[in-house]
Amino acid sequence: MKTWILAAAALVTAAALFMPLPANDAMASGPVCLKVRDLGTLTQIDDMTLLATSRGQGNFIVRLRNPCPAFRLMNNPYTLRVVDQNECFDGNDVLDFPEGGPCFIQSVTPAPAR
């Protein structure tokens with residue numbers, strides 16, 4: 001009985017030692033989460049694109065599902081409705097304006113380095 005237990009333990013240990021580990025590049029290439037608490041300003045680039053600044057994470061490109069004319073209106077603050085439980089600003093969220101209605105987010109991706 002002890003021989004079987006020792007053999008099984010040795011087999012599990014050997015398997016764990018020879019399992020390939022993910023490369024650092026693969027781990028770093030996962031989705032980036034722009035936390036809502038780190039969101040700075042939103043600036044309109046065009047009718048379907050915004051530039052988001054953040055604290056400590058650089059800039060992000062925010063693509064909208066449809067044109068958002070409400071974003072251009074002066075003194076029209078928005079409320080951000082976040083669906084993600086991780087509090088990430090992403091494609092499930094909505095910018096809700098008192099005038100002009102909601103603007104739906106399609107994607108949030110890191111901006112290319114300049």
Side-chain angles (χ1 to χ4, degrees):
M1 179 81 170
K2 288 183 183 180
T3 305
W4 284 101
I5 293 173
L6 289 175
L11 183 61
V12 168
T13 303
L17 288 175
F18 292 106
M19 287 181 71
L21 296 174
N24 286 340
D25 292 342
M27 291 172 67
S29 67
V32 176
C33 170
L34 172 54
K35 294 282 189 181
V36 174
R37 68 174 179 257
D38 294 333
L39 179 62
T41 60
L42 288 174
T43 306
Q44 189 170 28
I45 295 174
D46 59 39
D47 286 346
M48 303 268 300
T49 311
L50 307 174
L51 177 68
T53 62
S54 71
R55 285 178 251 149
Q57 290 184 279
N59 295 331
F60 288 79
I61 300 295
V62 179
R63 303 245 188 255
L64 304 172
R65 293 186 188 168
N66 300 308
C68 182
F71 197 84
R72 280 191 232 135
L73 300 174
M74 298 295 283
N75 298 320
N76 194 19
Y78 61 86
T79 302
L80 179 60
R81 285 191 278 156
V82 179
V83 178
D84 191 291
Q85 291 181 353
N86 294 324
E87 297 180 8
C88 294
F89 182 46
D90 61 20
N92 297 319
D93 300 332
V94 179
L95 297 172
D96 208 357
F97 293 89
E99 293 180 39
C103 295
F104 298 92
I105 306 299
Q106 179 176 332
S107 65
V108 179
T109 56
R114 291 185 167 204

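Because the structure is a prediction, the values reported are computed rather than measured. Residues take their numbers from the sequence shown, with the count starting at 1. Side chains included, hydrogens not; waters and symmetry mates left out as well; all remaining heavy atoms used.
- Side chain of Thr41 to backbone of Thr53: no donor-acceptor contact under 3.5 angstrom is found.
- Note that OG1 of Thr109 is 8.5 Å distant from CZ of Phe60, once rounded to the nearest 0.5 Å.
- Under a hydrophobic clustering in which Ile, Leu, Val, Met, Phe, Trp and Tyr are joined whenever their side-chain heavy atoms come within less than 4.5 Å, directly or via other members, Leu80 and Leu42 fall into the same cluster.
- Cluster annotation: Val94 and Leu64 are assigned to distinct hydrophobic clusters (Ile/Leu/Val/Met/Phe/Trp/Tyr, side-chain heavy-atom contacts under 4.5 Å, transitive).
- In this structure, Phe104 CZ and Asn92 CG are separated by 11.5 Å, a value rounded to the nearest 0.5 Å.
- Here NZ of Lys35 is found 9.0 Å from CD of Gln57. Values are rounded to the nearest 0.5 Å.
- A donor-acceptor contact shorter than 3.5 Å links the side chain of Asp93 to the backbone of Val83.
- Here the straight-line distance linking atom CG of Leu51 with atom CD1 of Ile45 works out to 5.0 Å at 0.5 Å rounding.
- Under a 3.5 Å cut-off, the side chain of Arg55 and the backbone N or O of Arg37 do form a donor-acceptor pair.
- One hydrophobic cluster, built from ILVMFWY side chains closer than 4.5 Å, holds both Val62 and Val82.
- Taken from CG in Leu39 to CG in Leu34, the straight-line distance is 5.5 Å, to the nearest 0.5 Å.
- Checking side-chain atoms of Gln44 against main-chain N and O of Pro69 turns up no donor-acceptor pair under 3.5 Å.
- Under the side chain to side chain contact (heavy atoms under 4.5 Å, CB included) criterion, Asn76 pairs with Ala70, Leu73, Phe97, Pro98, Glu99, not counting sequence neighbours.
- A donor-acceptor pair under 3.5 Å is formed between the side chain of Arg65 and the backbone N or O of Ile105.
- To the nearest 0.5 angstrom, Leu50 atom CG is 8.0 Å from Cys103 atom SG.
- Phe71 and Phe89 fall within a single hydrophobic cluster, where Ile, Leu, Val, Met, Phe, Trp and Tyr side chains are chained together by heavy-atom contacts under 4.5 Å.
- Within a 6.0 Å sphere centred on CD of Gln106, other residues, nucleotides and ligands contribute more than 12 heavy atoms.
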